Peer 1: 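Have a look at this one.
These figures come from a predicted structure and were not determined experimentally. Throughout, protein chains are lettered first and strands after them, A, B, ... in sequence-line order, and every chain is numbered starting at 1.
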Amino acid sequence: MPELPEVEVVRRGVAQHAIGRTIAQVDIRGDRVARRHVAGPMDLADRLAGGQLLAADRRGKYLWLVVQTPDEDPQALVVHLGMSGQLLVDPAQAPRQKHAHAIFTFTDGDPQLRFVDQRTFGGLALTDLAPDHRGGAAQGEHPHGIPASVTHIAADPLEAAFDLPAVVRVLKTKDTAIKRLLLDQNVVSGIGNIYADEALWRAKIHGARPASSLTKPALTRLLEHATDVMTAALDVGGTSFDALYVNINGQSGYFDRSLDAYGQTGQPCTRCGTLIQREVFMNRSSHFCPMCQPAPRGSR
DNA sequence: CTATTCACCTGGGTGC
DNA sequence: TGCACCCAGGTGAATA
């Protein structure tokens with residue numbers, strides 16, 4: 001599932017293959033892929049035609065291409081991969097994928113850029129760029145600004161603008177379960193179910209613990225583990241379980257081999273040998289070691 | 001205002 | 001072989 005490392009792999013691929021190129025046309029199929037583009041798919045395709053791609057940027061799980069459109073200030077083409085979205089680089093003669101919702105052709109010919117999404121939880125939208133009010137001491141990290149539709153998303157742990165002590169202070173005030181907060185993109189962005197479970201395992205913390213019950217050093221360590229595990233995943237191309245998550249060339253990442261908790265139900269904990277358990281929490285699967293990560297009193 | 005739940009979507013797997 | 005059902009889960013609107 002695309003979380004921060006997987007989205008970053010895609011961003012790098014798009015940057016390599018698409019920056020500087022000019023869009024000839026965008027073939028959008030169906031209404032759903034552009035449902036977050038309020039003016040509709042026709043407007044999206046019309047305004048992108050003739051636009052030049054200036055940059056590929058990212059915050060958390062949100063990826064955007066900065067586009068110099070013919071008639072307006074630079075815009076952000078926000079791409080969210082959702083659960084199963086892919087951006088693929090393909091020659092024009094390659095068969096159209098069943099779930100290819102948008103195909104970008106360029107004035108310089110091949111390759112095309114295709115947005116393919118089996119479950120269409122992801123999508124495309126063109127929005128204005130706004131100054132990065134979260135930039136703080138790290139101005140210049142997003143020189144084109146942040147898409148207006150992404151300004152509510154918190155900085156992610158790989159950004160210079162990420163203020164770890166400030167996030168820890170926020171967490172310390174909340175009685176909410178720590179896993180819920182790790183997944184809250186308004187608190188810290190980029191973490192999804194896989195890396196939340198991995199960070200909690202590494203920090204030996206049960207996800208149902210109220211954040212306020214953890215010490216500031218423990219919360220700090222947890223976020224550092226989240227940063228570490230996402231960095232390690234990025235180094236090997238992300239986590240793939242099947243053909244649903246792939247880079248722009250259709251290749252899988254290798255981090256699934258390094259997972260200690262997520263998807264390891266019934267396997268021995270690599271630290272203590274106790275069998276990893278799966279529990280449903282927040283209507284999601286949570287994987288944890290019942291010995292290393294004791295449940296809080298009264299949970300379940 | 002904050003906290004929590006649920007609809008959205010498809011394909012692969014399972015049990016009968 | 002067929003079919004009903006469950007499961008994966010990021011987001012944001014709806015609800016409490």
Peer 1: Going through the distances and angles, do A/I146 and A/Y62 end up as a side chain to side chain contact (heavy atoms under 4.5 Å, CB included)?
Peer 2: CA-CA 10 Å; A/I146 298 287; A/Y62 287 81; over 6 Å; no
Peer 1: Roughly, in whole Å, what's the span from CG in A/L182 to C1' in C/dG9?
Peer 2: 16 Å
Peer 1: Kindly work out whether a path of hydrophobic side-chain contacts (I/L/V/M/F/W/Y, heavy atoms less than 4.5 Å apart) joins A/I153 to A/L182.
Peer 2: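 No; A/L182 is not reachable from A/I153 via cluster members.
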Peer 1: Rounded to the nearest Å, what distance is computed from the CZ atom of residue A/F281 to the C1' atom of nucleotide C/dA8?
Peer 2: 18 Å
Peer 1: Got more than 12 heavy atoms from elsewhere within 6.0 Å of CE, A/M291?
Peer 2: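 Check fails, neighbour count at 12 or below.
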Peer 1: Roughly how many Å is it from CZ in A/R284 to P in C/dG10, rounded to a whole number?
Peer 2: 6 Å
Peer 1: Please give, in whole Å, the distance from C/dT11 P to A/M282 CE?
Peer 2: 12 Å
Peer 1: Mind checking which nucleotides bracket the chain A contacts on DNA chain B, 5' to 3', with an atom under 4.0 Å from a heavy atom?
Peer 2: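 Contact span on the strand: B/dA3 to B/dG11.
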Peer 1: Classify the ring geometry between A/F255 and A/Y195 as parallel (under 30°), tilted (30 to 60°) or perpendicular (over 60°).
Peer 2: tilted
Peer 1: Within the 4.0 Å heavy-atom criterion, would you say A/R32 contacts the bases, only the backbone, or no part of the nucleic acid?
Peer 2: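 Sugar-phosphate: the residue A/R32, judged by heavy atoms under 4.0 Å, touches backbone atoms but no base.
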Peer 1: How far does the helix from B/dT2-C/dA16 to B/dC16-C/dG2 bend, going by the axes of its first and last five pairs, to the nearest 10°?
Peer 2: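 The helix from B/dT2-C/dA16 to B/dC16-C/dG2 shows an end-to-end axis angle of 50°.
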Peer 1: Side chain to side chain contact (heavy atoms under 4.5 Å, CB included) for A/L124 and A/F104? Distances and angles first, verdict last.
Peer 2: CA-CA 12 Å; A/L124 308 174; A/F104 297 73; 4.2 Å; yes
Peer 1: What's the OH-C1' distance between A/Y195 and C/dG9, to the nearest Å?
Peer 2: 15 Å
Peer 1: Using nucleotides 12-16 of chain C, report all nitrogen or oxygen pairs with the protein that are shorter than 3.5 Å.
Peer 2:
unit_1 : atom_1 : unit_2 : atom_2 : d
C/dG12 : OP1    : A/Y62  : OH     : 3.2
C/dG12 : OP2    : A/Y62  : OH     : 3.3
C/dG12 : OP2    : A/H152 : NE2    : 3.4

Peer 1: Using a 3.5 Å distance criterion without hydrogens, assess whether the side chain of A/R32 forms a donor-acceptor pair with backbone atoms of A/H101.
Peer 2: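 Not a single qualifying donor-acceptor pair exists.
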Peer 1: Is it the case that A/R47 and A/T69 place a side-chain donor and acceptor less than 3.5 Å from each other?
Peer 2: no
Peer 1: Let's test your reading of the model: under 3.5 Å, does the base of C/dA8 pair with the side chain of A/R119 as donor and acceptor?
Peer 2: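 Flag set: donor-acceptor pair detected.
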Peer 1: Can you tell me how far the CD1 atom of A/I191 sits from the CE atom of A/M230, to the nearest 0.5 Å?
Peer 2: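 Result: 4.5 Å between the selected atoms.
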Peer 1: Looking at A/H80, I'd like to know whether one of its side-chain N or O atoms comes within less than 4.0 Å of OP1 or OP2 on C/dG10.
Peer 2: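 For C/dG10, neither OP1 nor OP2 has a side-chain N or O of A/H80 closer than 4.0 Å.
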Peer 1: Answer yes if the side chains of A/H142 and A/D57 hold a donor-acceptor pair under 3.5 Å, and no otherwise.
Peer 2: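 Judged by distance alone, the side chains do pair up.
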Peer 1: Rounding to an integer number of Å, can you tell me how far A/Q185 CD sits from C/dG9 P?
Peer 2: 14 Å
Peer 1: Looking at A/Q86 and A/S84, would you say the former's side chain and the latter's main chain have a donor-acceptor pair under 3.5 Å?
Peer 2: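 No: the side chain of A/Q86 does not pair with the backbone of A/S84.
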Peer 1: With a 3.5 Å cut-off and no angle check, do the side chains of A/D128 and A/Q75 form a donor-acceptor pair?
Peer 2: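 Short answer, yes.
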Peer 1: Taking atom P of C/dG10 as reference, at what distance in whole Å does atom CG of A/L4 sit?
Peer 2: 13 Å
Peer 1: Could you state the atom-to-atom distance from NZ of A/K61 to P of C/dG9 in whole Å?
Peer 2: 11 Å
